[in-house]
Number of protein chains: 2
Amino acid sequence: MTPIDLYGICPFVTSQKVLTGKWSMYIMYLLQDGPIRFNALKRKMPEEMTHTTLSRQLKSLEQEGLVVRTAYTQVPPKVEYELSDIGRQFEPVLKALGNWGEAYIEYLKKQ
Amino acid sequence: MTPIDLYGICPFVTSQKVLTGKWSMYIMYLLQDGPIRFNALKRKMPEEMTHTTLSRQLKSLEQEGLVVRTAYTQVPPKVEYELSDIGRQFEPVLKALGNWGEAYIEYLKKQ
DNA sequence: CGGAATCCCATCTGATACTG
DNA sequence: CAGTATCAGATGGGATTCCG
């Protein structure tokens with residue numbers, strides 16, 4: 001039986017890949033403020049996240065087309081990350097998710 | 001060094017857990033139509049997803065408080081799943097994500 | 001400064017089989 | 001019909017180390 005692959009067809013199944021990264025939503029949220037250097041972004045992340053992981057997640061977001069990476073050829077290196085066009089279109093999702101997250105935190109407190 | 005745990009504090013880090021399930025967004029989307037039985041829901045999912053996985057994801061969503069499970073004591077068993085209050089509040093996220101997912105699919109086609 | 005390579009480990013998924 | 005138990009494989013994060 002041929003399994004039905006909804007990737008590229010169903011918007012929810014397709015966008016799921018973007019959401020899976022443990023820190024992806026928080027990264028996208030922080031990138032909304034404009035271009036930022038790697039280490040500056042790292043400092044804004046929770047300390048549990050190593051630079052290895054941040055590097056991987058950024059690479060992943062870059063390959064998915066949500067993030068643009070710009071490397072300046074200089075010593076020491078300077079690399080900036082920013083949202084792409086389709087990445088900026090993600091803003092309504094972040095807004096809705098942020099609102100819901102706050103409501104959910106309140107819900108958790110009452111449990 | 002004490003790692004800063006943003007769970008329960010940052011709305012993005014907190015809601016991340018809900019998003020991680022491979023099929024969670026699609027399940028939430030389908031549950032928006034009202035109460036549905038286990039097998040009926042299963043039939044709406046991609047065939048790659050086994051009933052084992054669906055069972056686990058529903059249990060997870062139930063434990064997170066997004067889904068309410070109702071078991072009717074009869075033979076054969078009848079179990080219905082539906083969104084909770086906080087689960088229904090997730091609707092704006094699904095709407096935004098659905099819209100973005102469609103735009104992203106268009107973007108992918110042009111690559 | 002940014003990042004790749006490697007290893008280890010935890011988690012998750014899918015497959016299969018079994019239960020009431 | 002709904003769910004659990006178990007196992008194998010895939011995936012992904014964290015820690016460490018090394019590189020330009």
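Just so we're on the same page: letters track the sequence lines, and every chain starts at 1.
When the side-chain nitrogen and oxygen atoms of A:R69 are compared with OP1 and OP2 of C:dG2, none of them lie within a distance under 4.0 Å.
For residues 92-108 of chain B, the set of pairs meeting the side-chain hydrogen bond (donor to acceptor under 3.5 Å, both in side chains) definition, not counting sequence neighbours, comprises B:E106-B:K109. Under the salt bridge (Lys or Arg N to Asp or Glu O under 4.0 Å) criterion, no residue pair touches residues 7-35 of chain B, with sequence neighbours excluded. For residues 71-84 of chain B, no residue pair satisfies the salt bridge (Lys or Arg N to Asp or Glu O under 4.0 Å) rule, not counting sequence neighbours.
On the nucleic acid side, DNA chain D has its first and last nucleotide under 4.0 Å of a heavy atom of chain A at D:dG13 to D:dG20, going 5' to 3'.
Looking at heavy-atom distances under 4.0 Å, B:Y81 makes contact with sugar-phosphate atoms alone, never a base.
Taking all atoms of both residues into account, the shortest heavy-atom contact from B:S24 to A:Q16 is OG-NE2, 3.6 Å. Considering all non-hydrogen atoms of both residues, B:G101 and A:S15 come closest at CA-CB, 4.5 Å.
Residues A:L66 and A:L30 share a hydrophobic cluster, clusters being chains of Ile/Leu/Val/Met/Phe/Trp/Tyr side chains in contact below 4.5 Å.
Under the 30°/60° scheme for interplanar angles, the aromatic rings of B:H51 and B:F38 are found to stand perpendicular.
The nearest whole Å value for the distance from the NZ atom in A:K78 to the P atom in C:dG2 is 10 Å. If you measure from atom CD of A:Q63 to atom C1' of C:dG3, you get 14 Å, rounded to the nearest angstrom. Here C:dG3 presents its P atom at 10 Å from CZ of A:R37, a figure rounded to the nearest Å.
Residues that satisfy the salt bridge (Lys or Arg N to Asp or Glu O under 4.0 Å) test with A:R88, not counting sequence neighbours, are A:D85.
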Practice item. Heavy atoms under 4.0 Å is the rule here; annotate nucleotides 12-20 of chain C 5' to 3' with B where the base is hit, S where only the sugar-phosphate is, and - elsewhere. Key: -BBBBB--B
